[in-house]
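Please read the structure below before turning to the comments.
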Amino acid sequence: MTGAIEAAAALVAGAHSVVVFTGAGMSAESGVPTFRDDLTGLWARFDAERLATPEAFHADPDLVWGWYEWRRSRARRAEPNAGHRAVAALEAAVPGTTVVTQNVDDLHERAGSAAPNHLHGSLFAPRCIGAGAHPAVFPDAEEPQEGRRLAPPRCDACGALVRPGVVWFGEALPEEALRAAVAAAASCDVLLTVGTSGVVYPAAEIPRIAARAGAAVVQVNPDPTPLDAVSTLNLRGTAATILPALVPV
Ligand code: OAD
């Protein structure tokens, strides 16, 4: 394993352009649960993939808004971990670094990453469901509680319901973030894929695009994933323990 980490560090040190592609495992050590973990506590009787759809929001906006507000309060209280800080340090050390995340928290930004591409949107950019998709500004609800429904606010501009600014299953990814991610993956020397199960498309194409274009793909994940097949090096460990060793000094 030490040999594999050293080999990965050498690849990064020799690279002109690096893509860091992250998923929920990146924030696991900050206390943000992943999607493949079963929902715990009072949310345990729900299925994350069934709550993250436009259909679920239309059928029961209070249930879905309550879940996202709870996740938003958890994310706000979470702190970046050593893995997020290592990604920001890598960006500083290798100027041609692009961070692409499937995460809807803001822990990359708070660790110092300049402008991560959020392929699945953000918990911190709610907007209305009206034709204008107006960005919504509203006071924080009193501390949301686990398992509690909460009525979404109404848009100040048009009166439509406000929804979370995330991408739900069945929705298109933000065009510019996806375009930038595909372009960076197609032209990088090294792609680090960190803490993602690699099963939700089109995001899961990003490491595969890099591999097809001839980049070295380095995976950081304690468990096997379908991305093992395209990875040059598989570093079986957590983001916070492995990533700091990959930052050029
Ligand atoms: P998943 O929950 O599918 O996968 C998390 C991955 O992180 C798994 O492969 C774990 O083994 C790994 N992992 C867990 N702890 C880790 C740690 N400390 N360090 C490194 N890896 C760790 O999360 P994503 O792949 O991000 O989409 O899921 C992709 C998308 O599916 C999400 O963005 C979300 C979800 O449903 C939408 O909501 C549209």
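In this chain, numbering begins with 1 at the start of the sequence shown. We count ligands from 1, going down the list as the structure has it; atoms in each ligand are counted the same way.
Within the 4.0 Å heavy-atom criterion, the part of Ala28 lying near ligand 1 is the side chain and not the backbone. In Val200, the part holding a heavy atom less than 4.0 Å from any atom of ligand 1 is the side chain. Counting heavy atoms closer than 4.0 Å to ligand 1, residue His120 contributes side-chain atoms (C-beta onward) but none from N, CA, C or O. Residue-level proximity to ligand 1 for Phe169 is carried by the side chain, the only part with a heavy atom below 4.0 angstrom.
Here Arg85 does not pair with Glu91 in a salt bridge; the nearest charged N to carboxylate O distance is not below 4.0 Å. A salt bridge links Asp228 to Arg236: one of the charged nitrogens lies within less than 4.0 Å of a carboxylate oxygen. Salt bridge annotation for Arg149-Asp60: present, with a cationic side-chain nitrogen under 4.0 angstrom from a carboxylate oxygen. Between Glu69 and Arg72 there is a salt bridge, since a side-chain N of the basic residue sits under 4.0 Å from a carboxylate O of the acidic one.
Taking the six-membered ring where the residue is Trp, Trp168 and Tyr68 present tilted rings, their angle falling between 30° and 60°.
Ligand 1 has no N or O atom lying under 3.5 Å from any N or O atom of Pro222, backbone or side chain. For the pair Val220 and ligand 1, the shortest N or O to N or O distance does not fall below 3.5 Å. Between Gln102 and ligand 1, a contact under 3.5 Å exists for at least one N or O pair. Taking any N or O of Ser197, backbone or side chain, at least one lies under 3.5 Å from an N or O belonging to ligand 1. Backbone and side-chain nitrogen or oxygen atoms of Met26 are examined, and none is located within less than 3.5 angstrom of a nitrogen or oxygen of ligand 1.
With respect to atom 32 (C) of ligand 1, the closest heavy atom belonging to the protein is Phe35 CE1, 3.5 Å. Here the heavy atom of the protein found nearest to atom 8 (C) of ligand 1 is Asn221 ND2, 3.8 Å. Among protein heavy atoms, atom 13 (N) of ligand 1 sits closest to Gly25 CA, 3.6 Å. In terms of protein heavy-atom proximity, atom 39 (C) of ligand 1 is nearest to Val167 O, 3.2 Å. Among all non-hydrogen protein atoms, the one lying nearest atom 19 (N) of ligand 1 is Ala239 N, 3.0 Å. Remark: minimum distance from atom 25 (O) of ligand 1 to any protein heavy atom is reached at Thr196 OG1, 2.6 Å. Nearest to atom 6 (C) of ligand 1 among the protein's heavy atoms is Gly195 O, 3.4 Å. Looking at atom 23 (O) of ligand 1, its nearest protein heavy atom turns out to be Ala24 CB, 3.4 Å.
Near Glu29, meaning under 4.0 Å from any of its heavy atoms, are these atoms of ligand 1: 17 (C), 18 (N), 19 (N). Applying the 4.0 Å criterion to heavy atoms of Gly23 picks out, from ligand 1, the atoms 26 (O).
The main-chain N or O of Val166 is found under 3.5 Å from a side-chain atom of Arg163 such that the two form a donor-acceptor pair. Looking only at distances, a side-chain donor or acceptor of Asn103 sits under 3.5 Å from a matching main-chain atom of Gly23. In this structure, the side chain of Ser122 engages the main chain of Phe124 through a donor-acceptor pair within 3.5 Å. At distances below 3.5 Å, at least one donor-acceptor pair connects side-chain atoms of Thr225 with backbone N or O atoms of Leu227. Side chain of Ser17 to backbone of Thr97: no donor-acceptor contact under 3.5 angstrom is found.
To the nearest 0.5 Å, atoms CG (Asn81) and OG (Ser27) are separated by 7.0 Å.
Between Asp105 and His118 the shortest heavy-atom distance is O-CE1, 3.2 Å.
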